[in-house]
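Throughout, a chain's letter reflects where its sequence line sits, starting with A, and its residues are numbered from 1. Below, all heavy atoms of this structure are taken into account, side chains as well, without hydrogens, waters or symmetry copies. Since the model is a prediction, treat every value here as computed from it, not as a measurement.
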2 protein chains.
Amino acid sequence: MSKIDKSLLSGSTSMLVLALLRESDKYGYQMITELALRSDNTFELKEGTLYPVLHALEKDGALKSYDKQAPNGKTRKYYSITKKGLELLDEKTEQWNTFAKAVNSTLMVKGTV
Amino acid sequence: MSKIDKSLLSGSTSMLVLALLRESDKYGYQMITELALRSDNTFELKEGTLYPVLHALEKDGALKSYDKQAPNGKTRKYYSITKKGLELLDEKTEQWNTFAKAVNSTLMVKGTV
DNA sequence: TGACATACCTCGGACATCAAGGTATAATCT
DNA sequence: AGATTATACCTTGATGTCCGAGGTATGTCA
């Protein structure tokens, strides 16, 4: 439903990807559809955004990839999160919580609570 | 304290500015110090970011500005939020809530509560 | 006098997002 | 059989945001 300003997404994309992979290994295309599904289409992550992010995370050692044949014959590139990736996720989650709290308290300047 | 990834801020800057101005008219320099204070230094809005944002919001009709002499002799440029700005703030706030909810639900994929 | 705080501003680089394009295979529709 | 759609990967170029670094100017304080 609700389309949100894409710029809000900025910086949180890699966090969301890491969060998805903490659950289980996934391949790129799957992450896009899953994110859209779970967020009720709030996130419509684009391929042009995701793939570079995945490559960067892998280069940083936060992810590892392996190819796997799908039942339909297509080759899928699965990603799994590493120990380093889990640590990065923790960091980013903490930052997110701090950020969200600060935004909310700023938005409520009217003291309306 | 906690420095957060500046990219998280992306897109929310104008929302925060509008929120501050909903409370009362303020001048640029003041917004920077107030935001830092209120957010416990989570937001360290830079001048190079703020001033262009203010100019853009004014150009869009969301803000109006007027000069006012400060007791210390310096001329301050105060901004006040317009009806259009209030509507914009409502929009952005709603988007923010949607976004934050979606992020949180994605982060909790483990079902850990 | 020099240093610092206040108060405004702009420019250029760095980075993230995404539209648009590309490649290739398989399934489905006409 | 041919066309379209879905799956699945990728890159490039344009755009937009943020900020470091610089500039201007006034007032205060040592």
Here the distance between atom P of C:dA24 and atom CG of A:Asp67, to the nearest Å, is 17 Å

- Side-chain N or O of A:Tyr29 less than 4.0 angstrom from OP1 or OP2 on D:dC9? no

Taken to the nearest whole Å, CG/B:Asp60 to C1'/D:dG16 is 14 Å

Heavy atoms of B:Leu21 and B:Lys26 approach each other most closely as CD2-N, 3.5 Å

Rounding to 0.5 Å, atoms CG (A:Leu63) and CG (A:Leu57) come to a distance of 4.5 Å

CZ of B:Phe43 to CZ of B:Arg38, rounded to nearest 0.5 Å, is 12.0 Å

Separation of C:dT6 atom P from B:Gln30 atom CD, nearest Å, is 12 Å

Rounded to whole Å, CD of A:Glu34 lies from C1' of D:dA8 at a distance of 15 Å

Taken to the nearest whole Å, CG/B:Leu50 to P/D:dG20 is 14 Å

C:dA5, OP1 or OP2 - any side-chain N/O from B:Asn72 closer than 4.0 Å? no

Separation between CD (B:Gln30) and OG (B:Ser24), nearest 0.5 Å, reads 6.5 Å

Correct closest heavy-atom pair for B:Ser39 and B:Leu35 would be OG-O, 2.7 Å

Stem ranges of DNA chain D by first residue number, counting only runs of at least 3 Watson-Crick or G-U pairs under 3.5 Å, come to C:1-30 with D:1-30

Per-nt protein contacts along nucleotides 9-22 of chain C (heavy atom under 4.0 Å; B base, S backbone sugar-phosphate only, - none) come out as BB-----SSBB---

Name each donor-acceptor pair under 3.5 Å that joins a side chain in residues 83-92 of chain B to protein atoms two or more places apart or in another chain, with its distance.
unit_1: B:Lys83; atom_1: NZ; unit_2: B:Glu87; atom_2: OE2; d: 3.4
unit_1: B:Lys84; atom_1: NZ; unit_2: B:Asp60; atom_2: O; d: 2.9
unit_1: B:Lys92; atom_1: NZ; unit_2: B:Ser14; atom_2: OG; d: 3.4

Note: A:Asn72 and A:Lys74 closest approach over all heavy atoms is OD1-N, 3.1 Å

All heavy atoms of A:Ala100 vs all of B:Trp96, minimum pair found to be CA-CZ2, 3.9 Å

From CG of B:Leu35 across to P of D:dC18 the rounded distance in Å is 12 Å

**Prompt:** Between A:Tyr27 and D:dC9, is there a side-chain N or O to OP1/OP2 distance below 4.0 Å?
**Reply:** no

